[in-house]
Amino acid sequence: MPLEEYFAINGGNELFGKVELHGAKNAVLPMLAAGLLTKEEVVVKDCPYITDVSNMGRLLAEVGANVLFDGRNIRVRGQACKGALSHELEKVMRSSMFMLGVLIATVGEVKLSLPGGCKIGARPLDIHLDGLSKLGAVCEEKDGVVFCHAKKLKGAKILMRYPSVGATENLLMASVLAEGKTTLVNCAREPEIISLVELLRKMGAKISGEGTSVIEIDGVKELGGATVKPIADRIVAGTYLGALAVCGGELVLNGIGKNDVRSTLFAFQNRDFQVYDDGLSLRARATRRKRYDELSEQLACDVITGPYPLFATDMQPVVCAVKCFADGVSRVKETVFENRFSHLFEMKKLGADVVIDKDTALIRRGDLYPGDMIAKDLRGGAGLSVFAMGIKGESRVYGAKYVDRGYENFEENFKNIGCDIRREPVKKC
Ligand code: EPZ
């Protein structure tokens, strides 16, 4: 259980300074897997130092690739020589799901325990497996283990019942080396998918339509090496903006633009929150108001999460945190994952006025006080930390390790912009 460390956060400080944004976790992970599609070297630049990325490197090495961590650049060379993964790694990482597409395309078989990861929902793999079956793979799922094998993949028309991000990426990676043409219908349109296609195209893949709901792939015989810089992390950027909205101050986020965080900004928009974009960085300013213990004033808003371009589910916990400081009633509806409100129960322990009705939370400014909260997943942990940053006095967010999966040096980076935060070990008695 990753509860060995917690963040001690003394909330109420304004935030000032510069933040460097690096490659998006959810772009980097499938890109690293794509490195197995060629014998030549694939270099993914500007990777974040987070545990999901280092674990992905271990996964690739385990199936036979050479993986070199060269600062922020990760070099993947050599294809996989086996299709089975160690139980220990695949269980802790949802991203082991990307092994399905690349291993079936190269080794011709893959055996995978159903991936672990955040406890935010059941997260089945049926859309992935249905698509791989259409490409000619034989897929079986028994007692939590998936086994797929194929002599040769053949292009097909695949209609996905839901625009799953991971299934779109997996089917892209499986079909680039398949014989003939593949048409993926009802694809996810997330920017991270466009970023992955940029890499696959540099490697020699023939793909069109990324960023729309229909992607066409003309299979090629082999792919070559390439170097790519993934898009910056819009969820990390949104987390800093959320903290700023709550704490007040002024931040410059380097490497991201207004457009990349459009819907997040919409949720935080009010007269106290101003954003400027010079094309290379985003400057955001949040003015404090006397009437709320000098915290920044927030307006209530309605948010419904959904596949891109709808509101990103990964931002939902941070938006909930911010809306705990808002005037009026905010309505947050989670449509992507069926169990992504655990952070709200923790916020309620510290006075947040929240009513949950199935997939919808009604959130109002409560009488907030510092205390202890337990993170149950990555983005929930970030949301709880932002919430604690807005409350005067020391709060503790247990489960720092969840946050480490997706945020680089979380406490150092927030300390650098003025937050009173430190990481502490849980004392064992
Ligand atoms: C990706 O997960 C992200 N992970 C998630 O980020 C993100 O929350 C999610 O997309 C939605 O935006 C990575 O990119 C590595 P989905 P993914 O398949 O691909 C259901 C984070 O915190 N579904 O689009 O696994 C599924 O259960 C993480 O950074 C099926 O039913 O998400 C969910 O309800 C968490 N069958 C919905 O679709 C399937 O075969 C969306 O899942 C596949 C998915």
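Side-chain atoms of Pro317 and Leu384, non-hydrogen and from C-beta on, never get closer than 4.5 Å to each other. Here the side chains of Leu32 and Val53 are in contact, with some heavy-atom distance below 4.5 Å. Val176 has its side chain within reach of Leu37: a pair of non-hydrogen atoms, C-beta onward, lies under 4.5 Å apart. For the pair Val354 and Leu362, the minimum side-chain heavy-atom distance is 4.5 Å or more. At a threshold of 4.5 Å between non-hydrogen side-chain atoms, the residues Pro307 and Tyr162 count as touching. Counting only heavy atoms from C-beta outward, the side chains of Asn409 and Tyr49 never approach each other to under 4.5 Å. Side-chain atoms of Tyr6 and Val397, non-hydrogen and from C-beta on, never get closer than 4.5 Å to each other. Considering only heavy atoms from C-beta on, Met160 comes within 4.5 Å of Leu171 through its side chain.
To the nearest 0.5 Å, the span separating NZ on Lys82 from NZ on Lys111 amounts to 10.5 Å. One finds the CG atom of Leu112 at 10.5 Å from the NE2 atom of His128 (value rounded to the nearest 0.5 Å). Put simply, CG on Leu100 and CD on Glu169 are 13.0 Å apart, with the number rounded to the nearest 0.5 Å. The CD1 atom of Ile158 lies 6.0 Å from the OG1 atom of Thr182; values are rounded to the nearest 0.5 Å. Note that OH of Tyr240 and SG of Cys419 are 10.0 Å apart. Values are rounded to the nearest 0.5 Å. Here the straight-line distance linking atom CD of Gln316 with atom CD1 of Ile235 works out to 11.5 Å at 0.5 Å rounding.
For Lys157, there are no salt bridge (Lys or Arg N to Asp or Glu O under 4.0 Å) partners at least two apart in sequence or on another chain. By the side-chain contact (heavy atoms from CB on, under 4.5 Å) test, Asn259 is found to be paired with Arg262, residues two or more places apart in sequence or in another chain being considered. Looking at residues two or more places apart in sequence or on another chain, you find no salt bridge (Lys or Arg N to Asp or Glu O under 4.0 Å) involving Asp233. Shown here are the ring-ring contact (aromatic ring centres under 6.0 Å, His included) partners of Phe311, two or more places apart in sequence or in another chain: there are none.
A side-chain donor-acceptor contact under 3.5 Å links Arg201 to the backbone of Ile207. Judged by distance alone, with hydrogens and angles left aside, the side-chain atoms of Asp70 form no donor-acceptor pair with the main-chain N or O of Arg75 at under 3.5 Å. Glu250 places no side-chain N or O within donor-acceptor distance of the main-chain N or O of Phe16, the cut-off being under 3.5 Å. Asp357 contributes no side-chain N or O that, together with a main-chain N or O of Thr360, makes up a donor-acceptor pair within less than 3.5 Å. Judged purely by atom type and a 3.5 angstrom limit, Ser213 has no side-chain atom pairing as donor or acceptor with the backbone of Cys187. Looking only at distances, no side-chain donor or acceptor of Glu216 sits under 3.5 Å from a matching main-chain atom of Asp218. Formation of a donor-acceptor pair under 3.5 Å by the Gln79 side chain with backbone atoms of Leu36 is found in this model. Between the side chain of Glu346 and the backbone N or O of Ile374 there is at least one donor-acceptor pair closer than 3.5 Å. Thr305 places a side-chain N or O within donor-acceptor distance of the main-chain N or O of Thr335, the cut-off being under 3.5 Å. Ser330 places no side-chain N or O within 3.5 Å of a backbone atom of Asp302 that could act as its donor or acceptor partner.
The local environment of CD in Gln274 is crowded, with over 12 non-hydrogen atoms from other residues, nucleotides or ligands closer than 6.0 Å. With a 6.0 Å radius and a threshold of 12 heavy atoms from other residues, nucleotides or ligands, Lys152 has its NZ atom above the threshold. Within 6.0 Å of NZ in Lys39 there are 12 or fewer heavy atoms belonging to other residues, nucleotides or ligands. In this structure, Lys18 places its NZ atom where only 12 or fewer heavy-atom neighbours from other residues, nucleotides or ligands lie under 6.0 Å away. Around the CZ atom of Phe266, the shell of radius 6.0 Å holds no more than 12 heavy atoms that belong to other residues, nucleotides or ligands. Annotation for Lys333: atom NZ does not count as buried by contact number, only 12 or fewer foreign heavy atoms lying within 6.0 Å.
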With side-chain contact (heavy atoms from CB on, under 4.5 Å) as the criterion, how do Asn73 and Thr227 come out once you've worked through the C-alpha distance, each side chain's angles and the decisive distance to 0.1 Å?
CA-CA 10 Å; Asn73 300 340; Thr227 297; over 6 Å; no
Verdict with supporting geometry, Asn254 and Leu280, side-chain contact (heavy atoms from CB on, under 4.5 Å)
CA-CA 6 Å; Asn254 284 333; Leu280 295 172; over 6 Å; no
Begin from the C-alpha positions of Glu222 and Thr38 and carry the test side chain to side chain donor-acceptor pair (under 3.5 Å) through to its verdict.
CA-CA 7 Å; Glu222 60 177 9; Thr38 172; over 6 Å; no
Hey, mind stepping through Leu68 and Ile74 against side-chain contact (heavy atoms from CB on, under 4.5 Å) and telling me if it holds?
CA-CA 6 Å; Leu68 181 71; Ile74 302 181; over 6 Å; no
What verdict does the side-chain contact (heavy atoms from CB on, under 4.5 Å) test give for Met173 and Ile104, after you've listed the backbone C-alpha separation in whole Å, the side-chain angles of each residue and the deciding distance to 0.1 Å?
CA-CA 10 Å; Met173 293 193 278; Ile104 201 80; over 6 Å; no
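Under the side chain to side chain contact (heavy atoms under 4.5 Å, CB included) test applied with Ile417, the options Leu244, Asn13, Leu251 reduce to a single match, Leu251. Screening Thr51, Asn55, Asp52 against Arg405 for a side-chain hydrogen bond (donor to acceptor under 3.5 Å, both in side chains) leaves a single residue, Asp52.
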Just list the side-chain donor-acceptor pairs under 3.5 Å for residues 133-145, sequence neighbours left out, or say none.
unit_1	atom_1	unit_2	atom_2	d
Ser133	OG	Leu129	O	2.7
Lys134	NZ	Asp130	OD1	3.3
Lys134	NZ	Asp130	OD2	3.0

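Between Val67 and Gly57, the shortest heavy-atom distance links the atoms CG2-O, 3.7 Å.
Electrostatic pairing of Asp359 and Arg340 does not count as a salt bridge here, judged by no charged N lying under 4.0 Å from a carboxylate O. Classification of Asp126 and Arg161 as a salt-bridged pair holds, one side-chain N sitting under 4.0 Å from a carboxylate O. One finds no salt bridge joining Arg77 and Glu40 here, because no Lys/Arg side-chain nitrogen approaches an Asp/Glu carboxylate oxygen to under 4.0 Å. By the 4.0 Å N-to-carboxylate-O rule, Arg422 lies close enough to Glu424 to be salt-bridged with it. Between Glu179 and Lys221 there is no salt bridge, since no side-chain nitrogen of the basic residue lies less than 4.0 Å from a carboxylate oxygen of the acidic one.
Each side chain to side chain donor-acceptor pair (under 3.5 Å) pair with one or both residues in residues 186-198, not counting sequence neighbours, appears once here: Glu192-Arg234.
In summary, the aromatic rings of His343 and Phe345 are positioned with their centroids too far apart to meet the 6.0 Å limit. Taking the six-membered ring wherever Trp is involved, the centroid distance between the rings of Phe7 and Tyr398 does not fall below 6.0 Å.
A perpendicular orientation is assigned to the rings of Phe410 and Tyr407, their planes being inclined by more than 60° (bins at 30° and 60°). Using bins of under 30°, 30° to 60° and over 60° for the plane-to-plane angle, the ring pair Phe387/Phe325 lands in the tilted bin.
A side-chain donor from one of Ser281 and Asp278 sits under 3.5 Å from a side-chain acceptor of the other.
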